[in-house]
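Atoms considered below: every heavy atom in the structure, side chains included; atoms not considered: hydrogens, waters and symmetry mates. By convention here, the first residue in the shown sequence is residue 1. Each ligand, and each atom within it, is numbered from 1 in the order the structure gives.
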Amino acid sequence: MYIVFEGIDGAGKSTQIQMLKEWLEANGFRVDTLVEPTDSEVGKLIRKILQRPDATSERLLKSLALLFAADRMLIMDRLEDESKIIISDRSFISSLAYQKPVDWVEVINRYAKKPDLIILLDLDVIKSVARTSGKDTFEDEEFLTGVRQNYLKLAEEYTCEVIDANNGINKVSSDIKKAVAPYLGICPDCIL
Ligand code: ADP
Ligand code: MG
């Protein structure tokens with residue numbers, strides 16, 4: 001099973017992926033996690049480019065979109081390992097939410113593996129800014145508002161589980177477990 005976490009920075013992806021992993025392992029499942037951009041050569045190049053001061057120029061953004069799509073192609077094998085649950089921090093859905101033009105982004109990601117379950121952690125933009133303050137990010141409130149709206153539209157198109165990420169960590173975690181349990185035959189009453 002290939003589970004994907006989506007949401008703007010600060011939504012709690014890293015925190016919740018770790019908690020879900022531990023819970024699934026306690027329930028006897030083998031779990032592998034990955035983060036996009038990945039640790040592939042292309043992923044490393046993406047991280048390097050993202051640090052450039054001109055990482056907002058249109059040409060560079062288009063190149064980045066291609067690199068993200070290439071990075072995804074490189075990890076396909078890992079996603080097809082059926083002996084494990086793969087939990088990924090971001091997927092092609094992130095490209096659709098952040099990059100443009102969207103029709104072109106769709107085309108270049110046409111062969112990206114479709115997740116079995118997409119969990120969208122939906123967070124207020126103001127909270128995102130507060131939770132990520134001090135970290136070097138070039139995403140302002142206006143940009144993040146657009147991304148959040150894109151995500152909510154994508155959630156309908158790709159049937160995502162939308163979780164209210166404004167709640168406390170434990171409440172968010174139990175909402176996620178409730179969303180995941182039916183896919184794995186875990187009894188809903190066993191979830192704390
Ligand atoms: P992401 O990976 O989506 O950027 P993180 O899991 O790194 O988000 O969380 C960003 C910050 O917000 C961290 O400092 C984390 O401890 C905190 N955080 C995560 N979830 C919550 C929550 N539900 N309520 C309050 N703070 C949270
Ligand atoms: Mg993170």
Side-chain angles (χ1 to χ4, degrees), residues 2-26 31-40 42-51 55-56 61 64-65 67-68 71-72 74-75 78-79 85-99 112 115-155 158 160-181 191-192:
Y2 170 37
I3 304 176
V4 161
F5 277 70
E6 292 285 352
I8 56 179
D9 276 346
K13 299 180 296 300
S14 305
T15 307
Q16 295 297 335
I17 286 173
Q18 189 53 36
M19 290 172 83
L20 180 63
K21 180 180 195 281
E22 284 166 18
W23 179 69
L24 289 171
E25 284 173 345
V31 181
D32 199 4
T33 57
L34 67 94
V35 184
E36 291 197 12
T38 71
D39 52 8
S40 77
V42 176
K44 284 180 196 143
L45 181 58
I46 294 172
R47 289 174 198 276
K48 205 164 134 191
I49 294 175
L50 284 174
Q51 284 166 1
T56 50
L61 288 177
L64 273 169
L67 291 173
F68 271 102
D71 187 32
R72 256 166 228 137
L74 289 172
I75 51 151
R78 276 176 73 183
L79 305 183
I85 295 171
I86 317 288
I87 310 177
S88 179
D89 190 326
R90 299 191 179 278
S91 71
F92 75 98
I93 298 286
S94 286
S95 282
L96 295 176
Y98 284 82
Q99 297 170 323
D116 298 301
L117 173 61
I118 303 164
I119 294 168
L120 172 58
L121 298 180
D122 179 45
L123 181 70
D124 287 347
V125 166
I126 303 292
K127 286 208 174 160
S128 164
V129 173
R131 287 190 197 172
T132 57
S133 71
K135 288 185 191 155
D136 55 334
T137 165
F138 49 81
E139 292 164 353
D140 60 26
E141 252 177 73
E142 194 186 323
F143 176 77
L144 287 174
T145 301
V147 173
R148 184 182 172 212
Q149 279 160 0
N150 293 343
Y151 263 135
L152 291 171
K153 263 187 256 155
L154 289 161
Y158 290 89
C160 306
E161 290 284 346
V162 182
I163 305 278
D164 185 353
N166 298 292
N167 291 321
I169 289 180
N170 290 327
K171 163 77 174 135
V172 175
S173 177
S174 88
D175 287 346
I176 291 168
K177 289 172 192 167
K178 281 180 200 146
V180 172
I191 302 164
L192 294 175

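Listing protein N, O or S atoms at distances below 2.8 Å from the Mg ion (ligand 2), with waters left out, gives S14 OG.
Look at D122 and K127 and you find no salt bridge, because none of the NZ, NE, NH1 or NH2 atoms lies under 4.0 Å from a carboxylate O.
Here CZ of R148 is found 9.0 Å from CG of L120. Values are rounded to the nearest 0.5 Å.
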Tabulate distances under 3.5 Å between N/O atoms of ligand 1 and N/O atoms of the protein, writing both atom names on each line.
| from | atom 1 | to | atom 2 | distance (Å) |
| --- | --- | --- | --- | --- |
| ligand 1 | 2 (O) | S14 | N | 2.9 |
| ligand 1 | 2 (O) | S14 | OG | 2.8 |
| ligand 1 | 3 (O) | A11 | N | 3.3 |
| ligand 1 | 3 (O) | G12 | N | 3.0 |
| ligand 1 | 3 (O) | K13 | N | 2.8 |
| ligand 1 | 3 (O) | K13 | NZ | 2.8 |
| ligand 1 | 4 (O) | G10 | N | 2.8 |
| ligand 1 | 6 (O) | S14 | N | 3.4 |
| ligand 1 | 6 (O) | T15 | N | 2.9 |
| ligand 1 | 6 (O) | T15 | OG1 | 2.5 |
| ligand 1 | 8 (O) | G12 | N | 3.1 |
| ligand 1 | 23 (N) | N167 | O | 2.8 |
| ligand 1 | 23 (N) | I169 | N | 3.4 |
| ligand 1 | 24 (N) | R131 | NH2 | 3.3 |

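Using a 3.5 Å distance cut-off with no hydrogens or angles, the side chains of S91 and E36 do not pair a donor with an acceptor. A side-chain donor from one of S40 and D71 sits under 3.5 Å from a side-chain acceptor of the other.
Between Q16 and the options I119, I169, I163, a side chain to side chain contact (heavy atoms under 4.5 Å, CB included) holds for only I169. Considering L34, D32, L24 as possible partners of I87, the one that fulfils the side chain to side chain contact (heavy atoms under 4.5 Å, CB included) test is L24.
Relative orientation of the Y98 and F143 rings is tilted, given thresholds of 30° and 60° on the angle between their planes.
Taking 4.5 Å as the limit, every side-chain heavy atom of F5 sits out of range of all side-chain heavy atoms of D89.
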Worksheet entry | Derivation and outcome, side chain to side chain contact (heavy atoms under 4.5 Å, CB included), residues I118 and L154 | CA-CA 10 Å; I118 303 164; L154 289 161; over 6 Å; no
